[in-house]
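Report on one structure; see the data block that follows.
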Amino acid sequence: MPQITANKLQIEYEGFGSASAPAILLIMGLGAQLSRWNIELCEALVERAYRVIRFDNRDCGLSSKIDDADVPDVGQALRSGLPLTVPYSLADMAADSIGLLDALSIERAHIVGASMGGAIAQIVAAAYPQRTLSLTSIMSTSGNPDLPPPTEQASRALLAPLPATRDKEALVEDALRRQLAVASPEFPSCPQRLRETLVDEHERNFHPRGVARQLAAFLASGDRRALLRTISAPTLVLHGADDPLIPVACGYDVAAHIPGAKMQVIEGMAHDLPLALTEVFADAIAAIAQSSER
């Protein structure tokens, strides 16, 4: 996979499909490497005549690490209610996405984001309307403080400390427990494939300091409802009915504040991108993309 300089960072990315096809930029969520956009989904979108780009966000995977910055104490901020001081914001991460499009000489793209990546995608669509053909926000939120919180189990999965023993086996088991805590009940992952994915991610890059900085950026991003009202691109909000981490009410709130947004709820889906739903995701993303091309 190649690296490219974008927004003064080295961004690891991978492209699929014809360079002449309309581009879809896939923005992944908290601490998740580009491979979480599974290859089957990328190929399904290529089959629908799109060029697909997936990449590692800053502080994740093989992209640049911001290790000259401190790691915010997210737990203390949550307990105290005091504002977080963060080394970078989601707006900075949105600028990384635009920097990647610039580096690849892509003038406009369909912007797709999942979870924290959905929040980044929302900011891209609002702040860079001239670069955004369509927006698909998947299992994300508006930042409205009155929305339902995660379930206790999902919160523990997100915020629990790393295991005391930090060899590869212990850390992969820890990652597996966290993933299964938010996984889709009706669309379980193949256990062997999920474990292999987590092993590959660990061997590719294990960087918990970056996850903490990304989480701080997400928590500090605040209420985006006013920003959402400015989005003019055709928008789809896609959310699982059984999401324990970012409840479906959060998706409805995103859709309610983006003019003309469409809402699609998938029964049995939680906070992941099940392989069994690949065609559903590809059809949904392609449909909103095509609506902008008419």
Side-chain angles (χ1 to χ4, degrees), residues 1-14 25-38 53-78 84-97 99-100 103 113-120 154-182 194-221 245 271-273:
M1 298 178 193
Q3 281 200 345
I4 200 165
T5 301
N7 200 25
K8 301 180 180 179
L9 302 172
Q10 291 302 114
I11 298 295
E12 184 81 5
Y13 77 97
E14 187 172 15
L25 183 68
L26 302 175
I27 308 174
M28 192 28 80
L30 175 66
Q33 299 183 33
L34 58 78
S35 57
R36 292 295 180 98
W37 294 110
N38 64 68
I53 299 103
R54 62 180 185 175
F55 69 101
D56 290 329
N57 283 308
R58 65 165 68 193
D59 248 348
C60 180
L62 300 182
S63 289
S64 290
K65 309 303 186 296
I66 319 299
D67 282 339
D68 57 346
D70 292 334
V71 177
D73 191 335
V74 171
Q76 183 181 41
L78 290 174
L84 271 166
T85 300
V86 297
Y88 54 80
S89 67
L90 292 192
D92 294 320
M93 299 180 78
D96 295 345
S97 295
L100 178 57
S115 195
M116 182 189 75
I120 296 169
S155 290
R156 285 199 304 268
L158 179 66
L159 298 172
L162 290 170
T165 302
R166 296 193 181 181
D167 57 32
K168 183 173 80 171
E169 183 178 353
L171 289 167
V172 168
E173 288 300 320
D174 179 67
L176 183 61
R177 284 191 296 271
R178 293 174 195 260
Q179 184 62 33
L180 291 176
V182 299
L194 179 57
R195 184 178 295 275
E196 288 173 353
T197 296
L198 296 173
V199 168
D200 289 346
E201 287 182 351
H202 179 87
E203 293 177 347
R204 186 171 181 262
N205 184 259
F206 173 67
H207 190 60
R209 289 169 59 87
V211 178
R213 285 190 288 264
Q214 287 187 359
L215 178 58
F218 180 61
L219 293 175
S221 64
L245 187 61
H271 200 78
D272 58 353
L273 298 172

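Fair warning: this is a prediction, and the values are worked out from it, not measured in the lab.
Inter-residue side-chain proximity for M93 and M116 is flagged as met; some heavy-atom pair is nearer than 4.5 Å. Looking at E201 and T197, their side chains come closer than 4.5 Å, going by heavy atoms from C-beta outward. Within the 4.5 Å cutoff, the side chain of S63 has no heavy atoms near those of the F55 side chain. Looking at V182 and D272, their side chains never come closer than 4.5 Å, going by heavy atoms from C-beta outward. Residues I4 and L100 have side chains in contact (heavy-atom distance under 4.5 Å, counting atoms from C-beta outward). In this structure the side chain of I120 never reaches within 4.5 angstrom of the side chain of D96, judged on heavy atoms. Taking the side chain as every heavy atom from C-beta outward, L162 and F206 approach each other to under 4.5 Å.
For V86 against A217, the heavy-atom pair with the smallest separation is CG1-N, 4.1 Å. Shortest non-hydrogen contact noted between N205 and C60 is OD1-C, 4.5 Å. Q214 and G31 get closest at one heavy-atom pair: OE1-N, 2.7 Å. Counting all heavy atoms, side chain and backbone alike, L273 lies closest to N38 at O-ND2, 3.8 Å. Among all heavy-atom pairs drawn from L198 and A175, the shortest one is CD1-C, 3.9 Å.
Judged by distance alone, with hydrogens and angles left aside, the side-chain atoms of D167 form a donor-acceptor pair with the main-chain N or O of A170 at under 3.5 Å.
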*Full working for side chain to side chain contact (heavy atoms under 4.5 Å, CB included) between H207 and D67*: CA-CA 10 Å; H207 190 60; D67 282 339; 3.1 Å; yes

_Evaluate R178 against D174 for salt bridge (charged side-chain N to carboxylate O under 4.0 Å, His left out), listing each step before the verdict._
CA-CA 6 Å; R178 293 174 195 260; D174 179 67; 2.8 Å; yes

*side chain to side chain contact (heavy atoms under 4.5 Å, CB included) between L215 and L159, intermediate numbers included*: CA-CA 10 Å; L215 178 58; L159 298 172; 3.8 Å; yes

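Rounding to the nearest 0.5 Å gives a distance of 8.0 Å between CZ of F218 and CG of L30. Here the CG atom belonging to L34 is positioned 10.5 Å from the CD1 atom belonging to I11, to the nearest 0.5 angstrom. Put simply, OG on S97 and CD1 on I53 are 11.0 Å apart, with the number rounded to the nearest 0.5 Å. Interatomic distance, L176 CG to Q179 CD, rounded to the nearest 0.5 Å: 8.5 Å. The CG atom of D56 sits 6.0 Å away from atom CD of E12, with the distance rounded to the nearest 0.5 Å. Remark: R36 CZ to M28 CE distance equals 7.5 Å, nearest 0.5 Å.
When only modelled atom types and interatomic distance are considered, S89 and D92 share a side-chain donor-acceptor pair under 3.5 Å. At a cut-off of 3.5 Å, with distance as the only test, a side-chain donor of T5 or Q10 sits close to an acceptor on the other residue.
Here the rule is salt bridge (Lys or Arg N to Asp or Glu O under 4.0 Å) with R213, and of D70, D73, D59 only D59 fits it. Test R166, R195, K168 against E173 for salt bridge (Lys or Arg N to Asp or Glu O under 4.0 Å) and you get one pass: R195.
Both the sub-6.0 Å distance and the 45° axial angle are satisfied by R58 relative to the ring of Y88.
The 12-atom threshold is not exceeded at CD of E169, counting heavy atoms of other residues, nucleotides or ligands nearer than 6.0 Å.
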